[in-house]
Amino acid sequence: MTAALGLGTHRVREVAAAVELAAASPAPWIDSAPNYLGGQAHNRLAPALAAHPTVPVATKVGFLNATARALGRAAGVVPAPDAAAGHSLAASYVRWQAEQNRADLGRGRLAALFLHNPERTCRPDRLHEELREAFAVLEKQAAAGAVRKYGVATWDGFDTGAFTVADLDRLAAEAAGSADHHLRVIQLPVSLVAADALTLALHGRGPITEAAGRGWAVHASAPLHGGELPHLATAELAALLHPGLSIAQACLLATASCPGVSRVLLSASNRAHWNAALGALAADSIPPTRLRSVLDVLAAP
């Protein structure tokens, strides 16, 4: 069984059209962040979301757009070094931005709230302490009904060893005072280009396997590598992956077929592209043995 499709808003062009497409999907999900679309993502999403109050919405805390930098500093919730760096995991900022996110999006309860690229902290020596303190804030948010679950959205935190799934599990348990915490989702790039996590999962190892083994959701970001993959791959590769699919569809299906991936996030506001993606994910999964063979070929010098 392949993963579900969700709307990622990092590169989406027509926000209102994209929300309509996502809302009509079999398993709707919308993923955003306050720094997306030049810092205007939430403002542009809110009117469209108002027409779909039950569609799950996830967003993030970490990067400071211009508004968050100014308002956060004025409210005294953003430490000066974090403001200068444009990124903060400070508990005070996490609490403030979570509330701001809900207000901006018009959602009293978020489906998920991610710490955004925590590996970008300006205090790497205190990263785990900062994560534990931020998780404590998010546990209180979950207990208050403001968020269903929380997690970490990372670009290369697992690759660089900044943290592991076991680290996140332990820190969340310490923050919650119990193994029954609300950290239940991770997001990371998974594609035929950003293939490290995919390769590990195909061998039963790595962050995807470890998170899925704990019952966490795993969301794959950048499945087409920022739109570059359909131009890098070939028709022969698509036919090898799954005959009958276009290059873009085959590359999407490769990500969706990764064992442990539960959702693939795609930025698309064009109906034809969205329906093509749904069609790809409705196809039979690519067998792990075939995916391993393809990755071996792609990795060859």
Side-chain angles (χ1 to χ4, degrees), residues 9-10 31-47 49-50 57-155 157 162-163 167-168 170-178 181-183 185-187:
T9 59
H10 184 213
D31 177 89
S32 190
N35 61 302
Y36 287 176
L37 302 179
Q40 294 299 309
H42 285 181
N43 290 339
R44 293 175 62 185
L45 274 170
L49 291 175
V57 179
T59 189
K60 305 177 181 72
V61 173
F63 288 103
L64 286 77
N65 61 24
T67 300
R69 194 191 310 261
L71 294 180
R73 287 292 290 151
V77 298
V78 180
D82 294 8
H87 187 278
S88 181
L89 298 178
S92 56
Y93 172 68
V94 171
R95 184 181 304 106
W96 179 85
Q97 185 63 67
E99 295 171 357
Q100 198 73 24
N101 286 347
R102 289 194 298 276
D104 290 345
L105 291 168
R107 285 292 198 265
R109 189 183 195 194
L110 296 169
L113 188 62
F114 293 92
L115 295 184
H116 199 179
N117 290 13
E119 65 271 17
R120 292 287 299 273
T121 178
C122 60
R123 288 177 290 275
D125 57 317
R126 290 195 66 248
L127 173 58
H128 286 203
E129 293 175 60
E130 287 192 323
L131 284 170
R132 186 189 301 109
E133 292 165 4
F135 290 166
V137 171
L138 297 177
E139 283 294 333
K140 291 180 180 178
Q141 297 269 324
V147 60
R148 290 188 177 90
K149 59 187 175 185
Y150 66 88
V152 166
T154 179
W155 185 252
F163 44 77
D167 289 333
L168 299 179
R170 171 180 56 81
L171 292 167
E174 291 172 0
S178 163
H181 55 72
H182 290 83
L183 195 165
V185 58
I186 60 170
Q187 184 183 128

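For the side chain to side chain donor-acceptor pair (under 3.5 Å) test with His182, the passing option among Lys149, Glu139, Lys140 is Glu139; the others fail. Leu89 pairs in a side chain to side chain contact (heavy atoms under 4.5 Å, CB included) with only one of the listed residues (Val61, Leu127, Asn117, Asp82), which is Leu127.
In this structure, Phe114 and Ala58 approach most closely via the heavy-atom pair CE1-CB, 3.9 Å. Nearest heavy atoms, Thr59 versus Ala33: OG1-CA, 3.4 Å. The heavy-atom pair separating Pro118 from Phe163 by the smallest distance is CG-CE2, 3.7 Å. When all heavy atoms of Leu64 and Ala68 are compared, the pair lying nearest together is CA-CB, 4.3 Å. Across all their heavy atoms, Tyr93 and Gly62 have their closest contact at CE2-O, 3.8 Å. Looking at every heavy atom in both residues, Gly72 comes nearest to Trp96 through N-CH2, 3.7 Å.
At least one side-chain heavy atom of Leu115 sits less than 4.5 Å from a side-chain heavy atom of Leu138. For the pair Arg102 and Val147, the minimum side-chain heavy-atom distance is 4.5 Å or more. Contact of the Gln100 side chain with the Pro34 side chain is not registered, since no non-hydrogen atoms from C-beta on lie closer than 4.5 Å. Between Arg123 and Asp125 there is a side-chain heavy-atom pair separated by less than 4.5 Å. Put simply, the side chain of Tyr36 reaches to within 4.5 Å of the side chain of Lys60, judged on heavy atoms. Proximity of Phe63 to Arg120: side-chain heavy atoms (C-beta onward) are separated by under 4.5 Å at one or more points.
No donor-acceptor pair closer than 3.5 Å links the side chain of His181 to the backbone N or O of Ala136. With hydrogens and angles disregarded, no donor-acceptor distance shorter than 3.5 Å links the side chain of Glu119 to the backbone of Thr154. The closest donor-acceptor contact from the side chain of Thr9 to the backbone of Asp31 lies under 3.5 Å. Proximity of a side-chain donor or acceptor of Arg69 to a complementary backbone N or O of Ala83 within less than 3.5 Å is detected. Using a distance-only test at 3.5 Å, with no hydrogens or angles considered, a donor-acceptor pair links the side chain of His87 to the main chain of His116. Looking only at distances, no side-chain donor or acceptor of Glu130 sits under 3.5 Å from a matching main-chain atom of Ala90.
Here CG of Asn65 is found 9.0 Å from CG of Leu71. Values are rounded to the nearest 0.5 Å. Expressed to the nearest 0.5 Å, how far OG of Ser32 lies from CG of Asn101 amounts to 8.5 Å. Note that the CD atom of Gln40 and the CG atom of Asn35 stand 11.5 Å from one another [nearest 0.5 Å]. To the nearest 0.5 Å, atoms CG (Leu105) and NE2 (His42) are separated by 4.0 Å. Rounded to the nearest 0.5 Å, atoms OG1 (Thr67) and CG (Asp104) are 8.5 Å apart.
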Q. Between His128 and Arg170, does a side chain to side chain contact (heavy atoms under 4.5 Å, CB included) hold up when you go through it step by step?
A. CA-CA 10 Å; His128 286 203; Arg170 171 180 56 81; 3.7 Å; yes
Any chance you could lay out the side chain to side chain contact (heavy atoms under 4.5 Å, CB included) test for Asp167 and Leu131, step after step, and finish with the verdict?
CA-CA 10 Å; Asp167 289 333; Leu131 284 170; over 6 Å; no
Exercise. Output, in order, the C-alpha distance, side-chain angles, deciding distance and verdict of side chain to side chain contact (heavy atoms under 4.5 Å, CB included) for Phe135 and Val152.
Key: CA-CA 10 Å; Phe135 290 166; Val152 166; 4.1 Å; yes
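Within a 6.0 Å sphere centred on CZ of Arg107, other residues, nucleotides and ligands contribute more than 12 heavy atoms.
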